[in-house]
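Nothing fancy with the numbering, it's 1 onward along the sequence.
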Amino acid sequence: MAPTSRNQRQQSRASFHPSNDTATYRDLLLFEERLKTNAAQLQRRKSRYQLFLFHLLIAIAFLLSEVLLQTSFLDIPYTNLLRKVLPDVYGGAGNLKPHPYFASGLLFVLVTALLLFFASGMYAEKIAYANRYVPHANKALRNFNMYLNVRRPPLRSAFSISPFPFVFHRPTQSRAPSPTPRPSNAPAPMAPIPPANSPRGELIFSSRVDRGFRESYERYRAAFERRRDERERDERGKTWTGRIANKMPWNQPPNAPPALAALSRTASGRGRGSIVGTPLGSRRSSPMPRPGTRDSPAVRTID
């Protein structure tokens with residue numbers, strides 16, 4: 001009896017069976033959308049500051065060539081600017097040269113801005129933090145048997161036809177290599193995480209979570225994303241540019257399976273009555289902070 005009860009306790013600790021109902025799916029989907037929205041906003045902010053840093057480095061390199069190599073590239077924009085601002089004075093003038101200390105002063109200002117960009121912590125806050133957000137979130141989600149997958153497929157998989165295999169031919173192996181023997185007590189290697197199906201990422205679950213719950217939530221999430229894509233297509237279709245964009249092959253909606261289409265019609269047919277009829281007990285186990293958030297615009301978007 002003792003070994004049997006011990007095995008049962010180990011199995012109960014190894015597996016996790018959450019509430020398999022619509023309220024749990026909705027709360028979990030809200031939580032996932034918040035994570036993906038925050039990650040997307042941080043990536044957009046990171047791109048803007050990276051573009052600013054790139055332009056700053058380009059300007060510093062340009063002014064360094066003016067100061068150290070004594071080039072005259074700065075004379076061209078300087079002459080055009082004076083001819084446009086003061087056409088009566090410099091309209092017929094030839095090539096104008098700025099003050100000798102003009103380039104040195106601009107170089108000093110830009111180098112100071114570059115040093116302040118790193119010394120003030122703006123780089124760590126605007127660029128480096130965006131790289132640490134997803135790993136920190138996954139470290140916290142590990143305790144809940146979840147993982148935010150934002151991996152994208154490799155670039156070569158986006159092109160079905162590539163000329164490289166015809167130019168650089170790789171010889172095929174005549175036989176498969178023999179597998180390396182692994183000790184019996186060594187743990188099995190972890191399977192690599194595949195790229196996310198959605199470009200914004202997706203929330204995946206550990207194998208400890210009940211398989212039925214995982215499959216049901218994936219169907220619920222796919223139905224929600226399909227309804228959201230349809231609403232976005234309808235909004236774009238109100239303008240002539242949006243109608244042209246909807247006819248592009250990359251904007252065509254994918255063919256949903258019959259079971260997923262039936263789930264989408266069922267979820268949309270319930271309307272807001274499913275939110276009103278949500279039990280309060282399921283809201284206490286939700287990752288959202290307060291039950292009052294079910295009247296928020298995010299919930300209205302999901303339904």
Only pairs under 3.5 Å count here: list side-chain donor-acceptor contacts from residues 70-77, not counting sequence neighbours, and write none if there are none.
unit_1: Gln70; atom_1: NE2; unit_2: Val67; atom_2: O; d: 3.0
unit_1: Thr71; atom_1: OG1; unit_2: Ser65; atom_2: O; d: 3.2
unit_1: Thr71; atom_1: OG1; unit_2: Glu66; atom_2: OE2; d: 3.2
unit_1: Asp75; atom_1: OD2; unit_2: Lys97; atom_2: NZ; d: 3.0

Candidate pair Arg226 and Glu230, rule salt bridge (charged side-chain N to carboxylate O under 4.0 Å, His left out), full reasoning: CA-CA 6 Å; Arg226 182 170 174 268; Glu230 291 176 355; 3.7 Å; yes
Return yes when atom CZ of Arg152 has more than 12 non-hydrogen atoms of other residues, nucleotides or ligands closer than 6.0 Å, and no otherwise.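 Incorrect, the count does not exceed 12.
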Mark yes when over 12 heavy atoms from residues, nucleotides or ligands other than Arg151 sit less than 6.0 Å from its CZ; otherwise mark no. yes
Measure the spacing between [atom1] of [X] and [atom2] of [Y] and express it to the nearest 0.5 Å.
X: Arg227; Y: Glu225; atom1: CZ; atom2: CD; value: 10.5 Å
X: Arg200; Y: Glu32; atom1: CZ; atom2: CD; value: 8.5 Å
X: Phe205; Y: Asn145; atom1: CZ; atom2: CG; value: 9.5 Å
X: Tyr220; Y: Phe213; atom1: OH; atom2: CZ; value: 11.5 Å
X: Asp234; Y: Arg236; atom1: CG; atom2: CZ; value: 9.5 Å
X: Leu29; Y: Phe224; atom1: CG; atom2: CZ; value: 5.0 Å

Do Arg219 and Ser216 have side-chain N/O donor and acceptor atoms under 3.5 Å apart?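 Yes, because at least one side-chain N or O of Arg219 sits under 3.5 Å from a partner of the opposite role on Ser216.
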When you compare the side chains of Asp21 and Thr24, does any donor N or O come within less than 3.5 Å of an acceptor on the partner?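 Result is yes, a qualifying pair exists.
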Kindly write out the residues that satisfy salt bridge (Lys or Arg N to Asp or Glu O under 4.0 Å) with Asp210, not counting sequence neighbours, or none if the list is empty.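 Listed in chain order: nothing, the list is empty.
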Could you list the residues that satisfy salt bridge (Lys or Arg N to Asp or Glu O under 4.0 Å) with Lys139, not counting sequence neighbours? none
Do Phe144 and Val209 pass the side-chain contact (heavy atoms from CB on, under 4.5 Å) test, and can you show the C-alpha distance, the side-chain angles, and the key distance before you say yes or no? CA-CA 9 Å; Phe144 301 96; Val209 182; over 6 Å; no
Excluding Phe54, membership of its hydrophobic cluster (Ile, Leu, Val, Met, Phe, Trp, Tyr; side-chain heavy atoms within less than 4.5 Å) reads Ile58
Same cluster or not: are [X] and [Y] linked, directly or through other Ile, Leu, Val, Met, Phe, Trp or Tyr residues, by side-chain heavy atoms under 4.5 angstrom apart?
X: Phe62; Y: Leu69; result: no
X: Phe52; Y: Leu63; result: yes
X: Leu68; Y: Ile60; result: yes

Heavy-atom pair of closest approach, residues [X] and [Y]:
X: Gly201; Y: Ala196; value: CA-CB, 4.1 Å
X: Tyr129; Y: Leu42; value: CE2-CD1, 3.7 Å
X: Leu203; Y: Arg221; value: O-NH1, 2.8 Å
X: Pro195; Y: Asn149; value: C-ND2, 3.8 Å

Is any side-chain heavy atom of Asn131 closer than 4.5 Å to one of Lys46? yes
With the side chain counted from C-beta on, respond yes when Met146 and Leu148 share a heavy-atom pair under 4.5 Å apart, and no when they do not. no
Could you list the residues that satisfy side chain to side chain contact (heavy atoms under 4.5 Å, CB included) with Lys126, not counting sequence neighbours?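 Only Arg45, Tyr49, Met122 meet the side chain to side chain contact (heavy atoms under 4.5 Å, CB included) criterion with Lys126.
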Would you mind writing out the side-chain donor-acceptor pairs for residues 101-121 within the sub-3.5 Å range, not counting sequence neighbours?
unit_1: Thr112; atom_1: OG1; unit_2: Phe108; atom_2: O; d: 2.7
unit_1: Ser120; atom_1: OG; unit_2: Leu116; atom_2: O; d: 2.5

Taking 4.0 angstrom as the limit, do Arg228 and Glu33 come out as a salt bridge?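 Yes, charged N to carboxylate O under 4.0 Å.
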Taking NZ, NE, NH1 and NH2 as the nitrogens, is one of them in Glu235 or Arg231 under 4.0 Å from a carboxylate oxygen of the other?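 Looking at Glu235 and Arg231, the cut-off is not met.
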